[in-house]
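Heads up: the structure comes next, in structure tokens.
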Amino acid sequence: MSIHLKRVESLIKKNLMEIITYKLKDPNVGFVAINDVKVSSDLSYAKVFCSFLGSKNYNEAGIKALNNAKGYLRSELSKTLDTRKTPELSFIIDDSLDQGRKIEGILKRVIKEDKMINLNLDNIIQDVDFEAYADKVKEIDLMINEGTGAGGEFCGWTSWPFEYDKEEVERIKKTAARLREISDVIVIMGIGGSYLGAKSAIDMIKGHLSEDKPEIMFAGISFSGREYRHQLQYLEGKDVSLICISKSGSTTETSACFRLFRQYVEKRYGKQESIRRIAIVTDKQKGLLKPLCDEWGYDRFVIPDEIGGRFSVITPVGLLPMACAGIDIDEFIRGIQDSAKKYDNSDIMSNDAYKYAVVRNEMMKSGRTNEVYVTYEPDMDSFGEWLKQLFGESEGKDGKGIFPATIVCTRDLHSLGQFIQQGNNQILFETVLNIENPVEDMEFPYDQDNDDNMNYLSGRSLNWINKQAFMGTLKAHVEDGKVPNVVISLKDDTCYSCAYAMYFFFKALAMSAYMLGVNPFDQPGVEIYKNNMYELLGKPKK
Ligand code: PA5
């Protein structure tokens with residue numbers, strides 16, 4: 001048999017399996033495995049040999065469902081092949097494998113498909129003895145759960161998923177519905193942990209170019225005069241509402257931003273009408289925002305004492321902006337809860353969040369003190385920023401920590417990619433955030449003239465092309481660059497997945513920071529910059 005034909009058979013096997021799993025969605029198919037594909041030499045026919053999990057009845061129902069859908073499957077398959085024609089498909093029950101092997105193979109895949117997050121360590125180049133960490137991991141896991149480590153009073157995020165204030169979540173939905181109704185633009189003001197989680201979730205779930213209304217604008221992350229002028233100008237002629245988020249209620253960037261935008265809104269709508277256009281998320285007692293709410297009657301939501309900024313995306317800090325963006329926050333909470341259950345496990349051999357923490361630790365020990373988070377989805381850019389904060393601000397203290405950076409590919413393969421692959425890269429490792437099945441996709445078109453020589457990609461999906469770029473880069477960075485690559489695959493880019501991934505990283509970070517011997521929940525350096533700035537600004541001392 002020609003190499004070409006073999007390649008076609010294996011492509012059909014792989015691509016058909018993906019189409020059946022992710023597109024066909026016919027419950028009658030059940031849990032199917034494609035064991036073999038045989039294609040005629042002229043590419044006219046393909047026999048697809050399948051087996052099913054379950055009794056004989058499942059085989060019959062499954063094979064019937066597949067043969068009923070063969071027209072659709074063929075047409076979907078044609079989009080993924082580069083052959084001149086797509087063979088007609090015929091699905092046949094495969095009796096060649098013994099039942100035991102069949103079931104084992106199918107089960108393996110079912111388990112994998114059920115996984116929301118898959119940690120792939122095939123490309124980390126070095127061996128890691130995870131068992132050697134078993135006791136340490138158990139000890140730290142207990143510290144995290146019982147809040148007995150440094151900063152343990154901020155471990156409230158571990159119990160919050162099951163103990164959150166349901167009534168407050170209902171109030172969030174109501175406020176969001178009102179703001180959505182009266183606004184073209186909702187401005188979210190906050191910095192650090194008081195904005196990054198919400199921004200990354202909204203970008204990942206909806207896309208940073210989403211044209212959905214109302215528009216969500218983030219403000220208060222600089223003192224740039226130009227930025228503020230442009231943002232305020234942009235609001236002209238649009239209906240505006242404001243959400244101010246600050247746990248301390250005294251962060252200068254957020255306070256300055258709130259003054260500028262509040263004055264703007266009050267000028268446009270008057271003080272009374274502005275009250276319905278303003279909502280505040282802050283500490284239940286501390287800071288200046290709470291008394292402001294008491295005085296003016298703004299809707300107010302609480303950031304729990306025991307949850308710090310970087311972990312606050314699961315509280316009103318993240319939920320209110322997400323609800324304003326039209327995201328189903330119940331689904332988000334479900335994702336957090338399921339992930340919290342999944343990673344509440346002190347066994348290093350079966351907890352991938354902890355495995356990832358151990359791998360980071362090993363990387364650092366071997367001199368790889370810089371971690372580059374890699375994404376091939378521009379809408380995951382903010383997620384990378386959120387990770388940079390989560391890991392960077394939590395671990396970077398006492399002269400310790402892994403320096404986190406991000407690249408967005410393929411854009412940055414035309415800039416930093418060269419350095420990563422062939423520069424002073426002994427200090428680097430990469431962590432790729434791979435989205436297994438992005439919700440949206442489009443097909444690369446055919447062009448009659450082909451004067452750009454791009455027809456070789458016609459009919460391919462853009463996401464498929466993106467995947468090849470990822471795989472090509474992975475190979476180059478690992479084989480040529482000798483840069484270890486951790487691959488963390490998220491099942492998709494839905495709200496549920498986003499929440500699931502965020503909690504995974506909370507758990508990984510807490511384990512990683514305690515392993516390093518630092519308090520993950522403080523940021524003493526930030527206070528020093530603030531005090532220096534206050535002095536230069538002439539801020540009156542209390
Ligand atoms: O993670 C953190 O704690 C910080 O990044 C804070 O979120 C950030 O400094 C903003 O603080 P605040 O919410 O008090 O305005």
Side-chain angles (χ1 to χ4, degrees), residues 150-158 160 187-201 218-223 242-262 278-293 298 300-322 382-397 401 404 406 502-503 505-510 512-513 518-534 537 539:
E153 64 276 24
F154 292 105
C155 282
W157 50 272
T158 55
W160 182 93
V187 183
I188 316 279
M189 289 165 274
I191 197 163
S194 287
Y195 104 100
L196 276 163
K199 170 130 179 74
S200 59
F218 287 89
I221 54 169
S222 79
F223 291 112
L242 310 177
I243 295 175
C244 181
I245 306 177
S246 174
K247 183 166 185 181
S248 60
S250 62
T251 301
T252 316
E253 285 90 338
T254 314
S255 303
C257 181
F258 188 44
R259 169 171 298 191
L260 282 159
F261 281 85
R262 186 160 72 127
I278 294 177
I280 306 280
V281 184
T282 191
D283 188 88
K284 68 172 181 295
Q285 265 167 342
K286 287 186 281 220
L288 295 173
L289 288 172
K290 157 85 170 55
L292 219 67
C293 291
Y298 301 136
R300 182 173 66 90
F301 301 93
V302 173
I303 310 175
D305 284 345
E306 58 284 1
I307 301 184
R310 310 188 266 293
F311 296 77
S312 65
V313 61
I314 61 180
T315 74
V317 173
L319 298 178
L320 181 59
M322 279 187 243
S382 311
F383 199 94
E385 293 301 312
W386 177 77
L387 282 174
K388 272 199 308 206
Q389 191 216 6
L390 183 67
F391 283 88
E393 202 171 17
S394 304
E395 289 190 330
K397 54 199 71 156
T406 52
M502 283 178 152
Y503 196 91
F505 284 112
F506 284 171
K507 262 319 208 4
L509 171 270
S512 179
V518 298
N519 173 355
F521 306 110
D522 65 356
Q523 51 280 327
V526 180
E527 297 311 315
I528 300 174
Y529 115 77
K530 281 187 190 167
N531 290 334
N532 290 347
M533 182 177 73
Y534 294 153
L537 293 173
K539 182 178 175 180

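Just follow the structure's listing: the first ligand is 1, and inside any ligand the first atom is 1.
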Should T254 be counted as touching ligand 1, given the test is an N or O pair under 3.5 Å? no

Taking only Lys NZ, Arg NE, NH1 and NH2, and the carboxylate oxygens of Asp or Glu, determine whether D305 and K284 approach each other closer than 4.0 Å. yes

With heavy-atom distances below 4.0 Å as the criterion, list the atoms of ligand 1 near T251. 11 (O), 12 (P), 14 (O), 15 (O)

Using a 4.0 Å cut-off to any heavy atom of E393, which atoms of ligand 1 qualify? 1 (O), 2 (C), 4 (C), 5 (O)

Mind checking whether F258 and Y298 have parallel, tilted or perpendicular rings, split at 30° and 60°? perpendicular

Pick from L289, V187, L292: which one makes a side-chain contact (heavy atoms from CB on, under 4.5 Å) with C244? L289

Polar atom proximity, G193 to ligand 1 (N or O, under 3.5 Å): yes

To which protein heavy atom is atom 5 (O) of ligand 1 closest, and what is the distance rounded to 0.1 Å? Q389 NE2, 2.7 Å

Ring-plane angle category for F505 and W386, please: parallel below 30°, perpendicular beyond 60°, tilted otherwise. perpendicular

Taking atom CD1 of I528 as the centre, report whether more than 12 heavy atoms of other residues, nucleotides or ligands fall under 6.0 Å from it. no

Atom 8 (C) of ligand 1: which protein heavy atom is closest, and how many Å away? I191 O, 3.6 Å

Has E253 got any heavy atom lying under 4.0 angstrom from an atom of ligand 1? no

Residue, atom and distance of the protein heavy atom nearest atom 2 (C) of ligand 1 read R310 NH1, 3.5 Å

Please check this pair: side chain of S394 against backbone of F391, looking for a donor-acceptor N/O pair closer than 3.5 Å. no

Pair T251, S248 - check side-chain hydrogen bond (donor to acceptor under 3.5 Å, both in side chains), show working. CA-CA 7 Å; T251 301; S248 60; 3.3 Å; yes

With the threshold set strictly below 4.0 angstrom, can you tell me whether any protein non-hydrogen atom sits that near atom 15 (O) of ligand 1? yes

Could you walk me through whether K199 and E385 pass side-chain contact (heavy atoms from CB on, under 4.5 Å), step by step? CA-CA 9 Å; K199 170 130 179 74; E385 293 301 312; over 6 Å; no

Proximal atoms of ligand 1 relative to S194 (non-hydrogen, under 4.0 Å): 7 (O), 12 (P), 13 (O)

Numbered atoms of ligand 1 (with element) below 4.0 Å of G309, judged on heavy atoms: 1 (O), 2 (C), 3 (O), 7 (O)

